[in-house]
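Data first, discussion second: the structure below is written as C-alpha cells.
In the text below, chain A, chain B and the rest are named by the order of the sequence lines, each starting its count at 1. Quick note: numbers below take in every heavy atom, side chains included, and nothing from hydrogens, waters or symmetry partners.
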Amino acid sequence: MSQSLSEQEIQRRESLQALRQMGIDPYPAARYEASHFSTDILSGFEADAEATEWESVKISGRIMTKRIMGKASFIDVMDSKGRIQVYLNRDVLCPGEEKELYNSVFKKHLDIGDFIGITGKVFRTKMGEVTLEADSLTVLSKSLKPLPIVKKDEEGNVYDAFTDPEQRYRMRYVDLVVNDKVKDTFITRTRIINAMREFFNRYDYLEVETPILQPIPGGAAARPFITHHNALNIPLYLRIANELYLKRLIVGGFEGVYEFAKDFRNEGMDRTHNPEFTVMEIYVAYKDYFWMMDFTEQMLQHVVKTIKGGDSKVSLGGVELNFEAPFARVSMRQAILDHTGFDIDGKSEAELRAACADMGIETEPSMGKGKLIDEIFGEKCEPNYIQPTFITDYPVEMSPLCKKHRDNPEYTERFELMINGKEVANAYSELNDPIDQRERFEAQLQLSEKGDDEAMFIDQDFLRALEYGMPPTSGMGIGIDRLTMMLTDNASIQEVLFFPQMKPEKTVKKVELNDNEKLLFERLKAEGRMPLNDLKEQLGLSNKQWDKSLKGLNKLGLSKVEKTDEGLFIELL
RNA sequence: GACUCAGUAGCUCAGUUGGUAGAGCAUCUCCCUUUUAAGGAGAGGGUCCAGGGUUCGAGCCCCUGCUGAGUCACCA
C-alpha cells in the first residue's frame with residue numbers, strides 16, 4: 001500500500017535510520033526485565049525512602065512526555081501499571097567524554113511513544129515528585145506514528161484529549177495508551193467475569209463450552225447470522241443463545257453448568273447493541289426461579305463488592321445503585337397495576353389492545369397478548385426500575401421456554417432483573433415438559449406465520465432430549481456487556497467492547513500519476529479490457545515510456561495484465 | 001429507517017457578510033543541569049470529508065454522497 005507520510009512520520013523514520021547508523025538496534029530481540037512496575041516504585045518509595053532497594057531500579061515502558069532543559073531532561077515513562085517520571089542528567093547518563101547517548105540518541109532520536117528501558121536510582125525532586133534518575137537507557141522499540149498528546153494540569157483538567165469516538169474505537173490500541181480510564185474499564189470487565197466465575201465455582205458448577213455454529217439457532221427470539229459449511233454442504237447459524245445446549249447437558253446429568261458465551265444477532269447496532277455480544281448463562285438442576293432470584297442477587301452483590309473493594313454501591317450517570325441483597329421483587333401484573341392502574345389479569349387480546357390504545361401505545365395486528373403486555377410494560381413501567389429489581393411472572397405467550405406458573409397458567413415462572421430501567425438478566429423455572437414444550441414451539445410457528453420474524457424455530461433434537469427427561473431446573477442469563485456498562489459507568493456498549501463492530505473503514509486511494517501514466521489510465525478507463533498491443537499502438541509511447549508507465553500502474557494496483565490463449569490483455573481493477 | 005448536529009494541521013479546536021487558512025499542543029532549529037499543561041526565541045506543516053452547482057471569487061451558500069455522534073423508531 002502506498003501512502004504519503006506526514007512530516008512527523010518521515011522525521012521518525014529518519015531517526016530510525018540514524019539510530020541504526022549509530023549501531024543501535026531500534027527493535028532489539030533481547031528480553032528486558034524490569035525490576036519494578038512504576039506503581040511499585042511510587043508506593044514503595046513513599047513508604048520506605050531509606051531502603052537500599054531504591055538504589056538500583058530497572059523499568060521499561062513508553063515515553064509519554066519529554067521536557068528537555070539543555071543538559072538535563074524529565075520524561076514520563078508509562079508501563080502497564082502506570083507512569084513514573086524519569087530524570088535524565090547528561091553527565092549521570094554519560095559519565096565519560098562521550099555524550100552521544102544523551103545529546104543525540106535521547107534528545108534527537110527518541111520520541112513520545114518509543115519504548116525504552118531505564119536503570120537508575122529513585123529520588124525525590126525539589127518539587128516533591130518521586131523520580132527515577134537514569135544511569136542507563138536502552139532503546140526497546142521505536143514508534144513511527146505520533147501518539148495524540150493528552151495533557152493534564154494540576155487540577156486534573158485534561159487538555160487535547162483524544163476523544164473522537166470513531167478514531168478511538170477503530171484504533172483502540174491508541175485509545176488504551178492515551179486514555180487511562182479506558183484501560184480501567186476493561187480491567188474491571190475482566191474482574192467482573194472473574195468474580196462471577198469464582199462465585200459459580202464455589203458451588204461446583206461446571207464451566208462448559210457449547211457450539212457456536214448451530215444447525216438450528218434456538219433459545220431466543222432474534223434474527224441469526226447464517227453461514228455455510230462446505231464439507232457438509234449445509235447452512236449453519238451463529239448462535240443467538242446457548243440455552244438449548246446447556247439444558248441438554250442438564251438432561252445428561254450435570255448438577256449445574258454455565259458458559260460465558262459470545263452470541264450473535266443479525267440486527268441493528270446502537271449504543272446498547274453490538275452484533276456480537278457476551279452472555280453468561282447458567283442452569284442448575286432441582287432448582288426453581290425463586291432459588292435463582294436469591295442466587296442471582298447474591299452473585300451480583302459478590303461481583304460488585306469484589307470490584308468495589310467491599311462496597312455494594314455503584315454510581316451510574318450520577319445515580320447511585322445499591323446492589324445490597326435482597327433486591328425488590330415485583331410481579332409484572334403488579335408493576336403494570338402500579339404504573340398504569342390497569343390490571344392485565346384475565347384480559348383478552350382485544351381488551352389488552354384497547355388498553356394500549358387508551359394509554360397511547362401503538363400496536364400492530366401481529367402482536368399477540370404477550371407482546372401487547374410487553375409493550376405496556378416496556379413503555380410505562382420499565383424505565384421506573386432504577387435500583388436492581390426483579391420483575392416476575394411474565395405472560396405465557398412471551399416465554400416459550402419457561403414453565404407455566406404453579407399458581408396461574410396464564411403466567412410463567414420467569415423473572416427479569418431490571419437495573420437503571422434496563423433489563424440485565426433473564427431467568428426461568430425451565431420448561432421440562434416435552435409435550436408442553438412442543439406445543440409452545442408450535443405456537444411460535446404460528447406467530448412466525450403471522451409475521452413475527454423473530455419467532456423461534458423448532459429444535460427437534462432439543463425436544464427429543466426433553467423426552468428423555470430433564471430434572472426441574474432453573475436457568476439464568478445475564479448480559480455481560482450491559483452489566484459492565486452499568487458497573488463502569490459507561491453509557492455505550494462500544495465503551496466496554498475492545499473492538500466494537502464498525503462500518504468498514506473507507507480507504508481513499510491517494511496516488512500521484514505522471515503524465516504518461518495518466519494517459520494510459522484514461523485510455524484504459526474509456527476502453528475497458530483490451531489487448532495489450534492495441535493499447536500500446538494507440539498511445540504511441542516509446543518502448544521505455546510504455547514499459548515504465550504500465551509497470552507504474554500495475555504497481556499501484558490500478559491495472560492488471562492477463563495472459564490468455566488469445567494473447568496478452570490489460571484491464572483496470 | 002427518520003430527524004438534528006458535526007467533519008479544517010499529527011491531536012484539540014477557532015474561522016466575521018462569500019474576499020490570500022488560524023491558535024494551543026505536537027514536530028524542526030537555537031538557548032536552558034530538579035522540570036511537570038516546564039520556559040524563551042524562531043521555523044515548517046493543509047485534498048478545509050468527497051463530488052457537483054451558484055458566484056468574478058466558496059472552508060463558509062445550494063444539491064448529492066460518505067463517515068461519525070445524538071434523539072427517536074425497530075430490536076433483547
Side-chain angles (χ1 to χ4, degrees), chain A residues 4-12 14-15 64-76 83 85-93 102 107-108 111-113 123-131 133 143-171 174 178-179 219-223 240-241 263 265-275 277 279 362 364 371 374 378 382 398 416 418 422-426 452-454 477-479 481-482 491-494 502-512:
Chain A
S4 52
L5 297 172
S6 71
E7 187 193 19
Q8 288 187 53
E9 289 173 295
I10 293 166
Q11 179 64 38
R12 283 170 181 237
E14 286 169 1
S15 285
M64 295 306 286
T65 67
K66 269 178 106 179
R67 294 182 290 280
I68 296 177
M69 298 167 302
K71 298 182 186 65
S73 301
F74 288 92
I75 60 175
D76 288 351
R83 296 178 183 216
Q85 178 169 266
V86 173
Y87 175 62
L88 296 115
N89 181 302
R90 189 192 63 180
D91 298 325
V92 172
L93 187 61
Y102 181 81
K107 272 172 78 174
K108 285 194 168 44
D111 296 296
I112 289 170
F123 74 109
R124 191 184 292 274
T125 64
K126 282 180 187 167
M127 301 300 289
E129 181 161 350
V130 174
T131 300
E133 184 182 58
S143 155
L144 296 182
K145 281 186 179 292
L147 286 171
I149 311 292
V150 181
K151 299 212 165 190
K152 262 189 222 168
D153 68 14
E154 279 175 24
E155 281 93 46
N157 299 314
V158 178
Y159 298 84
D160 301 332
F162 180 60
T163 53
D164 179 7
E166 182 183 4
Q167 299 249 70
R168 287 184 46 230
Y169 302 151
R170 283 195 198 284
M171 297 192 286
V174 175
V178 303
N179 292 325
R223 283 195 292 272
I240 55 175
D263 286 352
R265 298 189 182 175
N266 204 343
E267 291 165 350
M269 289 158 54
D270 59 32
R271 69 178 199 289
T272 56
H273 295 81
N274 195 66
F277 58 101
V279 169
E362 285 183 34
E364 285 174 27
K371 200 92 175 165
D374 191 33
E382 200 171 77
M398 291 169 65
E416 290 197 349
M418 313 299 302
K422 305 248 167 48
E423 174 224 330
V424 173
N426 184 19
D452 185 345
D453 57 2
E454 299 185 331
I478 185 163
D481 310 294
R482 290 187 186 177
S492 156
I493 197 169
Q494 294 164 310
M502 305 283 284
K503 289 192 189 177
E505 194 166 1
K506 193 175 60 171
T507 53
V508 186
K509 265 195 184 157
K510 210 166 161 185
V511 287
E512 279 295 329

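If you check every strand for non-hydrogen atoms under 4.0 Å, A:R12 touches nothing. At the heavy-atom level, A:D91 lies under 4.0 Å from base atoms of the strands shown. A:Q11 comes within 4.0 angstrom of sugar-phosphate atoms only, judged by non-hydrogen atoms across all strands, and of no base. Contact annotation for A:I68: base contact, defined as any heavy-atom pair under 4.0 Å involving a base atom. Looking at heavy-atom distances under 4.0 Å, A:E14 makes no contact with the nucleic acid at all.
Between the CZ atom of A:R67 and the P atom of B:rC25 there is a distance of 15 Å, rounded to whole Å. The distance from atom OH of A:Y169 to atom P of B:rU67 is 17 Å, rounded to the nearest whole Å. Following rounding to the nearest Å, A:Q8 (CD) and B:rG46 (C1') show an atom-to-atom distance of 14 Å.
Base pairing analysis places B:rA50 opposite B:rU64; the two distances defining the Watson-Crick or G-U wobble pair are each below 3.5 Å. Look at B:rU4: its Watson-Crick or wobble partner, with both distances under 3.5 angstrom, is B:rA69. In this structure, B:rG57 forms no base pair with any nucleotide, since neither Watson-Crick nor G-U wobble geometry is met with both distances under 3.5 Å.
Atom P of B:rC48 sits at a distance of 22 Å from the matching atom of B:rG24, rounded to the whole Å. Between B:rU20 and B:rC11, the two P atoms lie 26 Å apart (nearest whole Å). Between B:rC56 and B:rA14, the distance separating the two P atoms is 32 Å to the nearest Å. One C1' atom belongs to B:rU67, the other to B:rC49, and the distance between them is 8 Å to the nearest Å. For the C1' atom pair drawn from B:rC28 and B:rA2, the interatomic distance equals 50 Å after rounding to whole Å. Taking atom C1' on both nucleotides, B:rU33 is separated from B:rA38 by 14 Å, rounded to a whole Å.
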Derivation and outcome, side chain to side chain contact (heavy atoms under 4.5 Å, CB included), residues A:F74 and A:M69:
CA-CA 8 Å; A:F74 288 92; A:M69 298 167 302; 3.5 Å; yes
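Set against B:rA69, B:rA26, B:rG45, the side chain of A:I149 has B:rA26 as its closest nucleotide. For A:K108, counting side-chain heavy atoms from C-beta on, the closest listed nucleotide (B:rU27, B:rU29, B:rU34) is B:rU29. Set against B:rU35, B:rU33, B:rA26, the side chain of A:K126 has B:rU35 as its closest nucleotide. Across B:rU33, B:rA38, B:rG68, the shortest atom-to-atom separation from the side chain of A:M69 is found for B:rA38.
At a cut-off of 3.5 angstrom, counting only N and O atoms as typed in the model, there is no donor on one side facing an acceptor on the other between the side-chain of A:E133 and the base of B:rU34.
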